[in-house]
Number of protein chains: 2
Amino acid sequence: MYKAPLKELRFAIHQLIGDERLVGLSDLPDYSTEFADAVLDEAARFAEGVLDPINRIGDRTGAKWTAEGVRMPAEFKAAYAKFVEGGWTQLRAEAEFGGQGAPTLLGTAVEELWASSNLAFKLCPMLTQGAVEAINQCGSQAQKEKYLPKMISGEWTGTMNLTEPQAGSDLAAIRTRAVKEGDHYRLYGQKIFITYGDHDYTSNIIHMVLGRVEGAPAGVRGISLFIVPKVLVNDDGSLGKPNDVRCVSIEHKLGIHGSPTCVLSYGDKEGAVAYLVGEENRGLEYMFIMMNAARLSVGLEGYALAERAYQQALEYSRTRVQGKPKTKNVPDGSKVPPIAYHPDVKRMLLTQKAYTDAARAVALYAAMQLDLGKHLPDGDEKAKAQARGELLIPIVKGWSTELGVSMASLGVQVHGGMGFIEETGAAQILRDSRIAPIYEGTTGIQAGDLVGRKVGRDNGAAMNALIADMQAELEKISSSDAGVAASKAAALEGVAALKDATAAVLKDPEGALAVCVPYLMLGGVVVGGWLTAKAHELAVRQASTDPDFFAAKQQISRFYAANLLPEAQTLSRVVKQGAASILDADPAKL
Amino acid sequence: MYKAPLKELRFAIHQLIGDERLVGLSDLPDYSTEFADAVLDEAARFAEGVLDPINRIGDRTGAKWTAEGVRMPAEFKAAYAKFVEGGWTQLRAEAEFGGQGAPTLLGTAVEELWASSNLAFKLCPMLTQGAVEAINQCGSQAQKEKYLPKMISGEWTGTMNLTEPQAGSDLAAIRTRAVKEGDHYRLYGQKIFITYGDHDYTSNIIHMVLGRVEGAPAGVRGISLFIVPKVLVNDDGSLGKPNDVRCVSIEHKLGIHGSPTCVLSYGDKEGAVAYLVGEENRGLEYMFIMMNAARLSVGLEGYALAERAYQQALEYSRTRVQGKPKTKNVPDGSKVPPIAYHPDVKRMLLTQKAYTDAARAVALYAAMQLDLGKHLPDGDEKAKAQARGELLIPIVKGWSTELGVSMASLGVQVHGGMGFIEETGAAQILRDSRIAPIYEGTTGIQAGDLVGRKVGRDNGAAMNALIADMQAELEKISSSDAGVAASKAAALEGVAALKDATAAVLKDPEGALAVCVPYLMLGGVVVGGWLTAKAHELAVRQASTDPDFFAAKQQISRFYAANLLPEAQTLSRVVKQGAASILDADPAKL
């Protein structure tokens, strides 16, 4: 039922974002636009043929806890084996240890397909990738050689262990205790909300665990990062004894039932054998390496589910007949047209599609900036790209995942009563989508990161540079097409609103924390509006090469300008005037 | 855990809406403000003590289908018996047949408590009430005497049977067939989505069924309304043979698991015995009598669930500690204050509370208008109140239920990861809330009704009268308090935006159908803003009578003005400029 939006992705990557800048970079010898297309074609086949058909099974059957470990649905286990066989675990990993070294841009495009077709499945490789990244950047050569080849090949998976009952968003409160014992440590503590913390896909799981070495300073400066294999690994690479870690239970969740969320108990017996990554007390810094990558990947889940919800709503509304629409532009003939022609249903479909395309464009643009920041030769451009990528990560994570929920909810609405019935599948998308604004840092945490670390710390330099670039690019658009002109004007008005709001945030950092979420949303709407206007101009210019596709693009851009971008004015105003009524309020008196 | 917001309700009914206008009306001999308070106190006890404790059981256990009929959780069955014993089924019904004849205003206030504490339970009496209303207004004296006393006493329940697989929002497509046979008809057809279509609370269920008499005109002008008892009723009132109606299955739904949603099959054998209500082919008109009452009652479900979500989020955020808030206005002392003091969490809580209070005020105001329209002596005031009540019904239904979903979602967000775990209960509120924008007419249907029947048909008279009254009342507010002045200014700006948008809707009726939902939302935000500004002024004036309560009211009003009312500008702009990009779009090319 799900169809990978390949045309959209190709348009976004090649034309809107311009991946030709990556071609020929010495770090990316294998990258070409043809390579990207071939990978996307294969990924589409896998998502449509293997992952989508079992998405519902994951929801219905779910992961099961047993005393011997978590048991996954057989269909998921089989799909994981095929995923490994297809080499998909290797796509973004370093070539040195068996990876294909694909850029983040392509990785982001591909991961959308996994997330749309089967979010619960997608989380396992996502977390392994984060663990690989951390070991690769912060581990010793011996650790890399021991763990990376098998994690990259997919023979083993990886996890991230941050949360404890008293330590969620506040990692300073972590209590898991590490006691030094020769060349390793013994770990004691309980971790919760560990995604794929146990499963039966593979013979081993490499847990990346935050803990506190005995005697370490209090707070975040006393946190260290450890490798804790589920099964100990001998020096020859063979598996040894089981480690002292156990999945005590799994959570009964609103959605992503096909993804086990584990409570892991470390050190119930002799203490779990743990290997320090890098230096003691630098765990938070290392963890952020994993986090940044994971935040982009979770961010894409928002529009990936919005895309799935849109496709399902579009299909339903094109077949369901329910009263004659009182409107122009309905097909001729005696037959009553389907509900997609009812103006309000059309409005809902356009809203889903316009937000999805805009959020995808913003995420791919952010990914491209991270690639340029990593792979360009040293210099101003590289630094600017890196800063811009980091600036955009909280916006992608926060805006796109909140949109994911509201667009999935709109998908239910298009179905009417059928949307509330679980068999239809629309409700599952809503349930699954609800986790994305929470994990890897809630929307509030993202927004705090945005106004604090990303905008406040450099006194708005990265944000104002982006604003200036957007403004300059928009002003250069010159088209005789009235639609393009309207998109340009709406986007420029949005950019001005973002500029005002940014000044307000810089002027009042404490107030900014109260209105950081509206500010983040404003960033998303406006950066999305800029890219949507650019897409509009491209669509008009190339209309003849694919008339239907580019006609739809123009419709979407026009809708975004007239119906979605006006929100920027409200958000900007709220950022400028809303803080005092929040700061002054006393929650004890509510 | 749930606490009925009695202070809020008393403030709203007595001060903000002013129920003294109902006291002394000849139709309402028993009504007094003391009576209302006593009823609310009793209802609060029932909601908190009986309904809230079994809310989770309804979700977990749910209604069960068996070949012998639907079996309800034992706790629900016991609660229904207590509900009947307490006389709650009688509250709003006509005195002539055993009812207490309470006004809609009080009924709406009481039903909020049922909906907040246990939405799945609340639906059964709500539907019975709709059936009672229809029989009372459209049935014969003999029908009234036969059915109403037992339905009003709660000995029997009632249902509304509209939907068929091909006929959801479009009732013209109804196919259920009625064949005349002496003094009754034989009914054949299948009805779906029948709430409490079967259960084991009572010995009989009175189904109100839309069908088509053989030879009737096509479309909505050929629909008739029938009484179809589950068990036939003898002339002496005793129960006779089972009728030919059967619950074939119940739905597996996203939420309200404690409320059976039935597929009912009529006439599998000899045809179900059905009694015509009123005249043939006037069924739609009669059904709208039920619908209007039900739409107000479903509308209140939105803010009722928002209230529940708010209470739970507030409680969690006042106890959960997670990092030190970087902000002023935190309690002194060495202990880290709970997350309610984090500015973004406070923003979420204020958003929930401000929208909940505003939506409640709008619903109670609408209910009051319906009461005045019904009970005032004939004249202009009566007619104006009636028109205003009807104008507001789609706004209450559409705006409040959409808010219910978004505020329940925000409640999940305040809980962070715990919100996604079903044990917490926040997720159930979100799941339950999702039905309200759908049943009794989707938000799109409400918005179409608003711009068509309610604003278009009288050329904006009722809406413009409301706008003029709001403006005049706001202009009269004179207070030295800066907060009140800001609320007044923000509300007046909102009213102006609604006035502009109303002119646009009247000028372009076809375009209005494309932007009817933003127009409806605008109506909610602005009418809510007017009442919130009024509440602000009252709160300042009476601050000394209950300092904490009225301080909170002022905080909430201030927040609404600065953070929520600005949305009116965006919505008004979208109403004015958004239609063309929707009407021109071709869903076949998306």
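- The two atoms that bring Pro566(B) and Gln577(A) nearest to each other are CG-NE2, 3.5 Å, heavy atoms only.
- The contact between Pro165(A) and chain B is made entirely by backbone atoms, counting heavy-atom distances below 4.5 Å.
- With a 4.5 angstrom heavy-atom cutoff, Ala173(A) does not touch chain B via any of its atoms.
- Nearest approach of Leu410(A) to Arg434(B), heavy atoms of both residues: N-NH2, 4.5 Å.
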Would Lys253(A) and Ile421(B) satisfy side-chain contact (heavy atoms from CB on, under 4.5 Å), going step by step from the backbone distance to the final call?
-> CA-CA 4 Å; Lys253(A) 306 188 300 292; Ile421(B) 307 299; 4.2 Å; yes

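- Rounded to the nearest 0.5 angstrom, Asp584(A) CG and Gln555(B) CD are separated by 8.0 Å.
- Both the backbone and the side chain of Ala340(A) come within contact range of chain B, each with at least one heavy atom under 4.5 Å from a heavy atom of that chain.
- With a 4.5 angstrom heavy-atom cutoff, Arg347(A) touches chain B via backbone and side-chain atoms both.
- Proximity to chain B is limited to the side chain of Arg318(A), based on heavy atoms less than 4.5 angstrom apart.
- Residue Met348(A) does not touch chain B at all, counting heavy-atom pairs closer than 4.5 Å.
- In terms of heavy atoms, Ala552(A) sits closest to Leu590(B) at CB-CA, 4.5 Å.
- Heavy-atom distances place both the backbone and the side chain of Ala588(B) under 4.5 Å from chain A.
- Residue Ile435(B) touches chain A through both its backbone and its side chain, counting heavy-atom pairs closer than 4.5 Å.
- His342(B) contributes atom NE2, which lies 15.0 Å from atom CD1 of Ile582(A) (distance to the nearest 0.5 angstrom).
- Only the side chain of Glu402(A) comes within contact range of chain B, judged by heavy atoms closer than 4.5 Å.
- In this structure, the portion of Leu430(B) lying under 4.5 Å from any heavy atom of chain A is its side chain and not its backbone.
- Distance check, rounded to the nearest 0.5 Å: CG of Asp170(B) to CD1 of Ile339(A) gives 11.5 Å.
- Contact residues of residues 440-448 of chain A toward chain B are Thr442(A), Thr443(A), Gly444(A) (heavy-atom distance under 4.5 Å).
- For Glu510(A), the part lying near chain B is the side chain, with the backbone staying farther off; criterion is any non-hydrogen pair under 4.5 Å.
- Taken to the nearest 0.5 Å, the OG1 atom of Thr570(B) stands 11.5 Å off from the CG atom of Asn563(A).
- Once rounded to the nearest 0.5 Å, the distance linking CZ of Phe550(A) with NZ of Lys589(B) reads 14.5 Å.
- Formation of a donor-acceptor pair under 3.5 Å by the Lys346(B) side chain with backbone atoms of Ala585(A) is found in this model.
- Put simply, the side chain of Phe420(B) reaches to within 4.5 Å of the side chain of Ile256(A), judged on heavy atoms.
- Interface remark: Ala486(A) contributes no atoms to any contact with chain B (heavy atom separation under 4.5 Å).
- Using a 4.5 Å cut-off between heavy atoms, Phe549(B) does not touch chain A at all.
- Interface residue Pro518(A): only side-chain heavy atoms are found under 4.5 Å from chain B.
- For Ile556(A), the part lying near chain B is the side chain, with the backbone staying farther off; criterion is any non-hydrogen pair under 4.5 Å.
- For chain B, no part of Leu564(A) is nearby; none of its heavy atoms comes within less than 4.5 Å.
- Arg320(B) contributes atom CZ, which lies 8.0 Å from atom CD of Gln166(A) (distance to the nearest 0.5 angstrom).
- Of all heavy-atom pairs spanning Ile438(B) and Gly417(A), the tightest one is CG2-N, 3.4 Å.
- Residue Ser581(B) comes nearest to Phe559(A) through the heavy atom pair OG-CA, 3.6 Å, listed as atom of the first residue, atom of the second, then distance.
- Across Arg431(A), Gln413(A), Gln569(A), the residue that shares the most heavy-atom pairs under 4.5 angstrom with chain B is Gln413(A).
- Closest of all the heavy-atom pairs between Gly578(A) and Ala562(B) is CA-CB, 4.3 Å.
- No part of Lys353(A) comes within reach of chain B, as not one of its non-hydrogen atoms sits under 4.5 angstrom from that chain.
- Counting heavy-atom pairs under 4.5 Å between each of Ala561(A), Gly323(A), Pro325(A) and chain B puts Gly323(A) at the top.
- At a 4.5 Å heavy-atom cutoff, the contact between Arg558(B) and chain A is made by backbone and side-chain atoms alike.
- Residue with the most contacts toward chain B among Cys516(A), Ala551(A), Ala172(A), Gly255(A): Gly255(A) (heavy-atom pairs, distance under 4.5 Å).
- Counting heavy-atom pairs closer than 4.5 Å to chain A, the top-ranked of the candidates Tyr341(B), Tyr439(B), Tyr310(B) is Tyr341(B).
- With a 4.5 angstrom heavy-atom cutoff, Val405(A) touches chain B only via side-chain atoms.
- Using a 4.5 Å heavy-atom cutoff, the side chains of Glu422(A) and Glu251(B) are not in contact.
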